[in-house]
Amino acid sequence: MKKNLPACLTAVGFFVLWQVVADCIGAAYILPGPKEILIRLWELREPLFLVHLPATMKVTFLGLAISVVLGLGLAIAMDQCPPLERALYPLIVASQTIPTTALAPLFILWFGYGMGSKVLVTILMTFFPISITVFDGLKGTKREMEELLMTYGAGRWEIFWKCKAPAALPSFFSAMKMAIPLSVIGAAIAEWLGAQEGLGYFSKRMMTQLDGAGVFAPIVLLSVVAMAVVAVLNAVERRLIPWRKEL
Amino acid sequence: MAIVEFSNVTFRYHPEEEPILEDFSFSVERGEFVSIIGQSGCGKSTLFRLLTGLETPQKGEIRINGKPVQKGSHLSSLQPQKDLLFPWFTVWENVALPLSLQRIPKGKQRQAAEAVLAQVGLDPSLAEKYPSALSGGMRQRVAFARTLLDGAQVLLLDEPFSALDCLTRMDLQEWLRDNWLKLEKTILFITHDVEEALFLSQEVAVLQGKKPFSAALMRQVPLPKERSRAHLACEAVEREKLYLMDVLKGGAR
């Protein structure tokens, strides 16, 4: 707790300053203060929590789940097959310079306003960071450990399961902590571009009604959900890999 | 009868490099404790890499127990310089790692691991702990227990005590010396420390001079099998120590 105190104080200071500035401007349709946003969140609780949050979460988690499966699959395939690594890894690294959010409208254009295009945007945002980070984790295994297993007669897959996979677990968790907020952003962007439901769609609708607090309310909700999932992931990580610092 | 044999072995890491070994021949008798000494980077660990099949010689043959060493042949047990305990496994899982690779049932692995932990002087109650909970000396004992449980007749110990503090190192040297006869293993022990080599082994193999090596200078340690640290003070050992140090510096032959 003591460790987090400076960050907590900074956050409180930021929100107080925000409220003061918002009160001074006095135009809640442009810049509502945190207090107005929380009030609006409460007023809009039914559509937000019962309709739009579940819709966004469906896209987020479906996209994330597919990304994890594909990203892990590609990372493992590249690790086990050096020609594949040489063929794909430089391209994947280079693809990180493409602003993926700018590609999102293309998916809407190609696949329409249904759930598929939104899930694809989410996958586009999260697949590459997951595959690169996990692949780097697999490659970062201590060579001496692999060689020790070889001297015991271990084969390629035994080395993978006994050494590489556990050693790459911290990278997997780092990738997930990066991918979760990205998947939420991906889902929200896809919903902004065209949807009938979801927090991104709701935020855009509130904007057309010049409801500043209504625009912020779903953003707050999205941030809280992403932070909560990352906090759960941190707890799982601490429990699952207490040896992380030893690597 | 020789249990470890290098016959006219030539080895270099890269084709464009100078060989480390050229027509190198060397043998160790069954049940011997041989220390290998030489200057840093001279290629001592390369001998172990060849004996474990991690590297393949360009020419010649290496045999352990009469069988040719090949990649994955698993004829010796290696204990590297670092303890290399896997932080994600508990102590007993680390010790039983060679058995788990032989697909031995978990119950039997655990039993064997606890027995060998007791053999190396560790409390079996440590079995459930993770390596991070152990001291440097304990970690080395666990690593040694893993090497023992691997079951090979030839143990290759690559400077296993070099990272330990002086007292722990002396303690483990004495433990290894006392247990070598009971273990009935052939031990090859790489060290930088001439005194450690004299205290532990029956014979010292010196990689002397410049690469490539074609033989190791073999020196008998003038001490009985049953010995204590006090024996190191005798004149014959002192003379041998000075001689070996001189050889390492590139002087006497």
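By convention in this document, chain letters (A, B, ...) are assigned in the order of the sequence lines, proteins followed by strands, and residues within each chain are numbered from 1. FYI, side chains are in, hydrogens and waters are out, and symmetry mates aren't considered; it's all heavy atoms of this structure.
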Can you tell which of B:L156, B:L97, B:D150 has the highest number of heavy-atom pairs within less than 4.5 Å of chain A?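 Option with the greatest count: B:D150.
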With chain A as the partner chain, list the residues of residues 50-85 of chain B whose heavy atoms fall under 4.5 Å from it, by residue number, and write 'none' if nothing qualifies. B:T52, B:L54, B:H74, B:S76, B:L78, B:P80, B:K82, B:L84, B:L85
Under 30°, 30 to 60°, or over 60°: which ring-plane class applies to B:W175 and B:F144, parallel, tilted or perpendicular? perpendicular
All side chain to side chain contact (heavy atoms under 4.5 Å, CB included) counterparts of B:D158, not counting sequence neighbours: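 Side chain to side chain contact (heavy atoms under 4.5 Å, CB included) check on B:D158 returns B:S45, B:F48, B:I190.
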Are a donor atom and an acceptor atom from the side chains of B:T191 and B:K44 found within less than 3.5 Å of each other?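 No, because no side-chain N or O of B:T191 sits under 3.5 Å from a partner of the opposite role on B:K44.
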Distance alone, cut at 3.5 Å: any donor-acceptor contact between the side chains of B:Y130 and B:N94?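 B:N94 and B:Y130 do not have a side-chain donor-acceptor pair below 3.5 Å.
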Heavy-atom pair of closest approach, residues A:G153 and A:E158: O-OE1, 4.1 Å
Which atom names give the shortest non-hydrogen contact between A:S131 and A:A75, and what distance separates them?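 It is O-CB, 3.6 Å.
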